[in-house]
Amino acid sequence: MAMQDVTTPSHLDIENAFNLIAKHINSTPVLTSRSVNTILGCNAYLKCENFQRVGAFKFRGATHAILRLGSDEAHNGVITHSSGNHAAALALAARQRGIPAYIVMPENAPEIKRKAVAGYGGIITFCPPTQADREQTMLRIKSQTGATFIHPYDNFNVVCGQGTAALELMQQEPELDIVIAPVGGGGLLSGTATFIKGRFPHVKVYGAEPKNADDAYRSLRDHTIYPSVKPQTIADGLLTSLSPLTYTILSQHCDGILTVSEQSIIEAMRMVWERMKIIIEPSSAVPVAAIMENAQLFRYKRVGVIISGGNVDLSHLPWQG
């Protein structure tokens, strides 16, 4: 499959993004646990974006994208399609700029994420849970409102914003050997890989993905973009496929994608909850599960783990019943 030419960011773009958004976002902590390190066989440093505003890293990219809009672009508001965290992030970032945010959400989006988007002032339209339905509904509302589309990850400024989590991580723990982040559409991993490889080229960067939603792994392996077709995984934030932008960046800068089982995701999530006393969502547990399943790769290393978010529906815990 021939890839279209895309403009990819550099680490300098991510540093510029950080300077723009720093006063609007939370500088999130890096936490470590001796008991977790013993279990994992490495020194793991968790970059806790579950403590970010809206409870997820997505606020970084949404804030950067909205702050970069000219007044004409921003006038009619913004629109996106998202299963949750990007939707909440865009709604809050738009509210801070005083513009409307139109959000297309799949009708099976978790209740906690629906409530968050509404609470931040997002104007929600529900649609069937397919990529085609998301995009068709978004285009219809965009034509009615004139809103500017902010893609969850196929957007230069969004990727730059997401990369600021890795920038902060390296400020806090500059002696890492490996950085690992979850991958769905690839915005977080693309920003992470761009910054790390630009500033710390000796540091390995891996993505982590559910085996039941392994389109990124297969896409990089086979040098083409595979769509994510009806993935069945508890990691509801990792259901989308790579875009031309994120595919291009990851092809250049990512050292590999590690895939993990559903059981490992649940075990990793529960371990972090119990041992570190912090709530992480299933998507955040995927990179921790990847360390568990690939012990030899990480043994005795200093590993930065991007914990992507903490938005969990507590009425449907995976280990209940």
Side-chain angles (χ1 to χ4, degrees), residues 8-53 56-61 63-64 159-183 186-208 249-250 252-258 272 275-276 278 280 284 286-288 290-292 294-310:
T8 57
S10 75
H11 62 279
L12 296 174
D13 293 307
I14 291 170
E15 289 164 12
N16 290 336
F18 182 72
N19 291 335
L20 182 63
I21 70 173
K23 65 183 179 183
H24 300 279
I25 62 173
N26 292 341
S27 177
T28 56
V30 173
L31 301 181
T32 191
S33 159
R34 277 177 285 195
S35 64
V36 168
N37 289 346
T38 298
I39 293 167
L40 296 179
C42 67
N43 290 315
Y45 298 88
L46 276 57
K47 177 60 172 164
C48 291
E49 288 294 291
N50 50 322
F51 296 127
Q52 188 52 261
R53 300 188 69 181
F57 76 94
K58 295 277 191 178
F59 189 68
R60 295 174 180 271
T63 298
H64 186 236
V159 169
C160 291
Q162 315 307 28
T164 64
L167 182 155
E168 276 186 18
L169 169 64
M170 297 308 291
Q171 288 177 338
Q172 293 158 306
E173 290 293 339
E175 301 298 323
L176 299 177
D177 302 305
I178 300 172
V179 175
I180 184 168
V183 57
L188 175 63
L189 184 58
S190 292
T192 299
T194 297
F195 179 75
I196 297 295
K197 291 301 185 180
R199 281 290 185 212
F200 304 89
H202 61 284
V203 176
K204 297 286 189 182
V205 178
Y206 292 102
I249 294 170
L250 296 180
Q252 296 170 351
H253 298 308
C254 183
D255 290 294
I257 307 287
L258 306 173
V272 172
R275 301 281 178 157
M276 300 187 71
I278 58 173
I280 67 172
S284 297
V286 172
V288 180
I291 298 173
M292 293 166 60
N294 298 273
Q296 287 300 120
L297 184 61
F298 296 95
R299 193 174 307 282
Y300 308 129
K301 298 289 199 301
R302 296 170 58 86
V303 185
V305 184
I306 310 280
I307 297 296
S308 51

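In what follows, residues are counted from 1 in the order of the sequence shown. No experiment lies behind these values; they were computed from the predicted model shown.
- Smallest separation of non-hydrogen atoms from L169 and G304: CD2-CA, 4.1 Å.
- Inspection of the N43 and T32 side chains reveals no N or O donor paired with an N or O acceptor under 3.5 Å.
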Test T8 against T194 for side-chain contact (heavy atoms from CB on, under 4.5 Å), laying out the working first.
-> CA-CA 9 Å; T8 57; T194 297; over 6 Å; no
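- Looking at K204 and L176, their side chains never come closer than 4.5 Å, going by heavy atoms from C-beta outward.
- Annotation for F298 and C42: closest pair O-CB, 3.1 Å, computed over non-hydrogen atoms.
- At a threshold of 4.5 Å between non-hydrogen side-chain atoms, the residues I39 and R275 count as touching.
- Ionic pairing of K47 and E168 is present here: one or more N-O contacts between side-chain nitrogen and carboxylate oxygen are shorter than 4.0 angstrom.
- Counting heavy atoms from C-beta on, the side chains of I291 and L258 never come closer than 4.5 Å.
- When all heavy atoms of Y206 and L189 are compared, the pair lying nearest together is O-CD1, 3.6 Å.
- In this structure the side chain of F59 never reaches within 4.5 angstrom of the side chain of E49, judged on heavy atoms.
- Using a 4.5 Å heavy-atom threshold, the side chains of V205 and H253 count as separate.
- Checking side-chain atoms of D13 against main-chain N and O of S10 turns up a donor-acceptor pair under 3.5 Å.
- Counting heavy atoms from C-beta on, the side chains of V272 and I278 come closer than 4.5 Å.
- Side chain to side chain, R60 and T164 meet the donor-acceptor criterion of an N or O pair below 3.5 Å.
- You'll find the side chain of P9 reaches within 4.5 Å of the side chain of I249, heavy atoms only.
- Donor-acceptor pairing under 3.5 Å is lacking for the side chains of Q52 and T28.
- When all heavy atoms of T63 and H24 are compared, the pair lying nearest together is CG2-CB, 3.9 Å.
- Within the 3.5 Å criterion, the main-chain N or O of E175 finds a donor-acceptor partner in the side chain of R302.
- Between P182 and S308, the shortest heavy-atom distance links the atoms CG-OG, 3.7 Å.
- At least one donor-acceptor pair under 3.5 Å links the side chain of K197 to the backbone N or O of V203.
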Can F195 and M170 be said to form a side-chain contact (heavy atoms from CB on, under 4.5 Å), step by step?
-> CA-CA 10 Å; F195 179 75; M170 297 308 291; 4.1 Å; yes
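- Side-chain contact check for N26 versus F51: every heavy-atom pair is 4.5 Å or farther apart.
- Heavy atoms only, all atoms of each residue included: A17 and G161 are closest at CB-N, 4.3 Å.
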